[in-house]
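Numbers here are sequence positions counted from 1. These numbers were taken from a predicted model, which means no experiment stands behind them.
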Amino acid sequence: MAAEANSNTSLDTFPKYLIENARVRGDRPAMREKDLGIWQVWTWSEMAEEILNLAAGLIELGVKRGDKVAIVGDNRPRLYWTMVAAQAVGAVPVPTYQDSVADEMQYVLEHAEVKVAIVEDQEQVDKMLEVKDRCPNLETIIYDEGRGMRDYGDYDFIHNFVDVQAKGQAHRNQNSGDLKQAIADGHGEEIAIMLYTSGTTGRPKGVMLSQNNLVKAGKESVKLEGLDDTEDTLAYLPMAWVGDHIFSIAQAYTAGYCVNIPEAPDTILTDLREIGPTYYFAPPRIFENLLTTITIRMEDASSIKRGIFQYFMDHAKRVGVDILDGKPVGMMDKLKYMLGDFMIYGPLKNSLGMSRVKLGYTAGEAIGPEIFAFYRSIGINLKQLYGQTESSVFITIQPNGEIRSDTVGRPFTDVEINVADNGEIMYRGPYTFVAYYKNEEATKETKTDDGWVHTGDAGFLDDEGHLRIIDRAKDVGKLNDGAMFAPKYVENKLKFFPIVKEVVTFGDQKDNATAFVNIDLEAVGSWAERNDLAYSGYADLAGRKEVYDLIQDCVEKVNEDLSTDSHLSSSQIKRFLILHKELDADDGELTRTRKVRRKFIAERYDQLIDALYSDKPEVHVDAEVTFEDGRKGRITADLPIRDAKCFDVQPHLKKAS
């Protein structure tokens with residue numbers, strides 16, 4: 001590795017950071033993976049060897065500067081190594097969502113002109129083989145997990161990851177100069193990665209982010225939050241998502257901390273507890289699910305335990321956030337909080353795997369104020385940030401001491417924010433994407449000549465300079481009385497309730513707002529069991545009168561809250577129904593990042609929407625569904641429709657709205 005290390009003249013790419021980390025902290029852990037119940041560890045020196053051998057192996061396979069390398073699979077060390085190995089030879093990594101079906105994957109592989117695909121296992125190899133004839137540039141497939149691959153020997157373009165590394169090791173022994181030169185030739189303006197958008201409104205777009213974008217985003221965020229090489233984080237979110245790339249590559253390489261990879265998706269919570277990360281990111285839904293689990297467990301606890309828990313949680317709610325923010329608190333309150341930490345908060349954080357968390361982030365959707373306050377009150381420094389793929393994650397971030405549930409913070413370092421006349425949020429800064437790959441028209445629509453990027457989100461800067469997000473700008477509409485209708489804002493308020501999993505609201509160019517609701521099967525199922533309510537499955541439970549009563553109570557609480565909002569008081573939900581099935585990405589209703597495809601849903605369920613705007617007490621549905629194994633089936637049901645109480649709007653608020 002010494003030859004490559006000499007090429008490090010300036011740290012403007014991640015391969016150069018890799019070599020620098022191996023030099024200055026070579027014996028420190030860089031990555032861990034739990035395999036067969038045992039945590040395997042790679043130091044920075046060991047990981048550098050793995051990556052450089054793979055990079056040289058890619059050279060042996062004919063990979064050249066500018067070629068595209070697809071990465072497909074769950075979070076795995078070798079797939080993370082592929083990111084930087086590809087960059088080391090000047091190629092561009094293109095991670096894709098591992099749960100995409102073959103046809104979805106084909107679009108990305110074909111559009112990105114992928115030459116090599118490095119995948120996790122047989123399942124992903126089979127997807128590549130299914131679409132290879134339709135992807136003319138795809139020449140080579142490399143697999144990580146060898147199980148089930150014995151009968152694939154007839155394909156001379158399929159290679160074992162370890163074999164490629166062995167060829168790379170031999171190559172380095174004989175020709176170390178070309179890899180050294182390739183790393184030295186790398187520079188900040190090169191494309192570091194290409195990430196495809198979720199395709200909420202159409203075909204996904206390939207967002208090209210440069211080394212400068214990501215290196216600076218990593219360096220500045222690490223500096224802002226005081227992160228260093230002693231941190232531990234958990235890599236469990238999709239590798240095709242920009243956030244994972246920032247937390248598991250950009251920040252990890254610029255700070256030098258250790259990335260921990262769980263054994264499997266269903267062991268994440270166990271592995272989280274074992275590792276005890278100091279730095280943790282999760283979307284709001286995960287924090288909501290954890291709190292729902294806690295609530296369910298406490299409902300099943302004895303009355304004495306419930307009483308003690310509630311007593312100390314009430315105290316944490318009153319003083320916990322002030323203690324976390326370093327604000328003055330009375331001595332007795334401090335002592336009571338310390339006792340609560342010993343009896344309740346500490347064990348609770350330990351059971352969540354968050355005993356060591358110094359910094360936690362959430363983003364992607366709004367998080368409920370009560371949920372946000374819960375985690376902060378027990379001593380977890382949870383913050384909100386706002387960003388997108390095109391911004392290398394960071395647009396705004398909440399500074400310490402200025403953390404509120406209703407905003408997403410102040411502009412990130414060197415980022416400028418402007419709110420257009422139509423309410424759309426725009427930003428510019430050193431982290432903004434280079435362009436959309438092979439889509440000059442979309443690039444010009446999104447990014448102005450002077451660097452301002454249209455987010456597509458509507459919001460405003462409050463008097464303290466904090467950004468508040470209302471909704472997607474294109475989704476903000478008007479009711480027939482001219483009042484603003486922001487569907488996502490209303491949906492998020494309903495999703496704050498743990499028994500509600502998903503919501504889709506309607507109201508643009510209508511007399512009033514209505515809604516589809518998905519219940520949370522775990523939360524409502526637990527409630528049903530405690531109340532001796534038998535059910536046979538999701539559709540049966542969702543149609544029960546008792547469940548409709550629960551949801552109606554949630555809807556009416558939201559309506560009461562909306563009635564006091566000067567902008568959205570007219571957006572109260574008048575009628576709703578509970579869908580017969582969960583909205584699913586496999587049925588085209590959600591993106592792979594679980595964003596609602598509004599247009600698709602409006603077209604697919606137009607009959608249900610019409611019924612919401614009639615006086616019908618129920619509506620019949622007969623719909624096709626896709627099961628996990630790809631089989632198709634049909635669900636038929638009669639869905640009740642409920643009227644919800646709407647609250648009087650004060651005259652001055654109605655006028656303001």
Novice: Is there a side-chain contact (heavy atoms from CB on, under 4.5 Å) between Leu639 and Glu618? Walk through the geometry before answering.
Specialist: CA-CA 5 Å; Leu639 308 183; Glu618 64 178 22; over 6 Å; no
Novice: Please answer whether the main-chain N or O of Glu464 pairs with a side-chain N or O of Arg410 as donor and acceptor at a distance below 3.5 Å.
Specialist: yes
Novice: Go through the steps to decide whether Val490 and Ile573 satisfy the test side-chain contact (heavy atoms from CB on, under 4.5 Å), and finish with yes or no.
Specialist: CA-CA 9 Å; Val490 179; Ile573 296 169; 3.9 Å; yes
Novice: Does Glu589 offer a backbone N or O that forms a donor-acceptor pair with the side chain of Arg597 under 3.5 Å?
Specialist: no
Novice: May I ask you to decide if Ile519's main-chain N or O and Tyr538's side chain share a donor-acceptor pair within less than 3.5 Å?
Specialist: yes
Novice: In chain order, what residues pass the salt bridge (Lys or Arg N to Asp or Glu O under 4.0 Å) check against Asp457, with sequence neighbours excluded?
Specialist: Arg472
Novice: Does Asn531 use its side chain to pair, donor to acceptor, with the backbone of Leu533 at less than 3.5 Å?
Specialist: no
Novice: Does the side chain of Tyr613 pick up a donor-acceptor pair with the side chain of Thr514 at under 3.5 Å?
Specialist: yes
Novice: Before you tell me yes or no, could you show the steps for Tyr196 and Tyr97 under side-chain contact (heavy atoms from CB on, under 4.5 Å), namely the whole-Å CA-CA distance, both residues' side-chain angles and the distance that decides it to 0.1 Å?
Specialist: CA-CA 9 Å; Tyr196 276 77; Tyr97 288 98; over 6 Å; no
Novice: Could you give all pairs that pass the ring pair (Phe, Tyr, Trp, His ring centres under 6.0 Å) test and reach residues 375-423, with sequence neighbours left out?
Specialist: Phe287-Tyr375, Phe394-Phe412, Phe412-Tyr431
Novice: List in chain and number order the residues that pass salt bridge (Lys or Arg N to Asp or Glu O under 4.0 Å) with Asp475, two or more places apart in sequence or in another chain; answer none if no residue qualifies.
Specialist: Arg598
Novice: According to the ring pair (Phe, Tyr, Trp, His ring centres under 6.0 Å) rule, which pairs have a member within residues 438-490, sequence neighbours left out?
Specialist: none
Novice: Can Tyr436 and Glu390 be counted as having a side-chain donor-acceptor contact under 3.5 angstrom?
Specialist: yes
Novice: Taking atom types as modelled, find out whether Tyr427 and Gln388 have a side-chain donor-acceptor pair closer than 3.5 angstrom.
Specialist: yes
Novice: Please identify each residue that fulfils salt bridge (Lys or Arg N to Asp or Glu O under 4.0 Å) with Lys383, with sequence neighbours left out.
Specialist: Glu225
Novice: Only counting residues at least two apart or in another chain, list the ones meeting ring-ring contact (aromatic ring centres under 6.0 Å, His included) with Tyr548.
Specialist: Phe576
Novice: Test side chain to side chain donor-acceptor pair (under 3.5 Å) on Glu491 and Thr505; report intermediate values, then the result.
Specialist: CA-CA 7 Å; Glu491 290 160 6; Thr505 57; 3.1 Å; yes
Novice: Check this for me: Gln607, atom CD, are more than 12 non-hydrogen atoms of other residues, nucleotides or ligands nearer than 6.0 Å?
Specialist: no
Novice: Before you tell me yes or no, could you show the steps for Asp549 and Arg642 under salt bridge (charged side-chain N to carboxylate O under 4.0 Å, His left out), namely the whole-Å CA-CA distance, both residues' side-chain angles and the distance that decides it to 0.1 Å?
Specialist: CA-CA 9 Å; Asp549 291 341; Arg642 279 282 183 98; 2.9 Å; yes
Novice: Could you walk me through whether Asn381 and Asn400 satisfy the side-chain contact (heavy atoms from CB on, under 4.5 Å) test, starting with their C-alpha distance in whole Å, then the side-chain angles of each, then the deciding distance to 0.1 Å, before giving a yes or no?
Specialist: CA-CA 9 Å; Asn381 185 24; Asn400 289 328; 3.7 Å; yes
Novice: For the aromatic rings, using the six-membered ring if either is Trp, is the centroid distance between Phe281 and Trp241 under 6.0 Å?
Specialist: yes
Novice: Output yes when Lys478 and Asp508 qualify as a salt bridge under the 4.0 Å nitrogen-oxygen rule, no when they do not.
Specialist: no
Novice: Ser563 side chain to Ser569 main-chain N or O, any donor-acceptor pair under 3.5 Å?
Specialist: no
Novice: Could you note down all residue pairs passing side chain to side chain donor-acceptor pair (under 3.5 Å) where residues 282-292 supplies at least one of them, sequence neighbours left out?
Specialist: none
Novice: Does Asn213 reach the main-chain N or O of Ser210 with its side chain, forming a donor-acceptor pair under 3.5 Å?
Specialist: yes
Novice: What do the steps show when you test Glu424 against Thr455 for side chain to side chain donor-acceptor pair (under 3.5 Å), and what is the final call?
Specialist: CA-CA 7 Å; Glu424 183 183 8; Thr455 64; 4.6 Å; no
Novice: Once side chain to side chain donor-acceptor pair (under 3.5 Å) is applied, do any residues pair with Lys223, and if so which ones, sequence neighbours excluded?
Specialist: none
Novice: Within 45° of the ring axis of Tyr107 and under 6.0 Å from its six-membered ring centre, is that where the NZ or CZ of Arg203 lies?
Specialist: yes
Novice: Testing Glu582, Lys495, His580 one by one against Asn518 for a side chain to side chain contact (heavy atoms under 4.5 Å, CB included), which residue passes?
Specialist: Glu582
Novice: Going by atom types only, do Ser248 and Asp244 share a side-chain donor-acceptor pair under 3.5 Å?
Specialist: yes
Novice: Is Ile469 close to Ile425 at the side-chain level, that is, under 4.5 Å between some pair of heavy atoms?
Specialist: yes
Novice: Can you pull out every ring pair (Phe, Tyr, Trp, His ring centres under 6.0 Å) where at least one residue sits in residues 496-515? Sequence neighbours excluded, please.
Specialist: Phe506-Phe516
Novice: Are any side-chain N or O atoms of Arg428 and backbone N or O atoms of Asp450, one a donor and one an acceptor, separated by less than 3.5 Å?
Specialist: yes
Novice: Report yes or no: does Glu556 contribute a side-chain atom to a donor-acceptor pair with the main-chain N or O of Lys645 at less than 3.5 Å?
Specialist: yes
Novice: For the side chain of Ser526 and the backbone of Ala523, is there at least one donor-acceptor N/O pair under 3.5 Å apart?
Specialist: no
Novice: Considering residues at least two apart in sequence or located in another chain, which fulfil the salt bridge (Lys or Arg N to Asp or Glu O under 4.0 Å) criterion with Asp610?
Specialist: none
Novice: Of Lys581, Arg634, Arg604, which meets salt bridge (charged side-chain N to carboxylate O under 4.0 Å, His left out) against Asp622?
Specialist: Arg634
Novice: For Tyr437, give me all partners under ring-ring contact (aromatic ring centres under 6.0 Å, His included), at least two apart in sequence or on another chain.
Specialist: His111
Novice: Yes or no on salt bridge (charged side-chain N to carboxylate O under 4.0 Å, His left out) for Lys574 and Asp511, after CA distance, side-chain angles and deciding distance?
Specialist: CA-CA 10 Å; Lys574 186 175 181 180; Asp511 290 336; over 6 Å; no
Novice: Treating Gln398 as the side-chain partner and Gln384 as the backbone partner, does any N or O pair qualify as donor plus acceptor under 3.5 Å?
Specialist: yes
Novice: Relative to Phe433, does Lys447 satisfy both conditions: NZ or CZ under 6.0 angstrom from the six-membered ring centre, and within 45 degrees of the ring's axis?
Specialist: yes
Novice: Return the set of residues passing side chain to side chain donor-acceptor pair (under 3.5 Å) with Ser614 (not counting sequence neighbours), or none when no residue passes.
Specialist: none
Novice: CD1 of Ile193 to CE of Met239: how many Å apart, nearest 0.5 Å?
Specialist: 8.0 Å
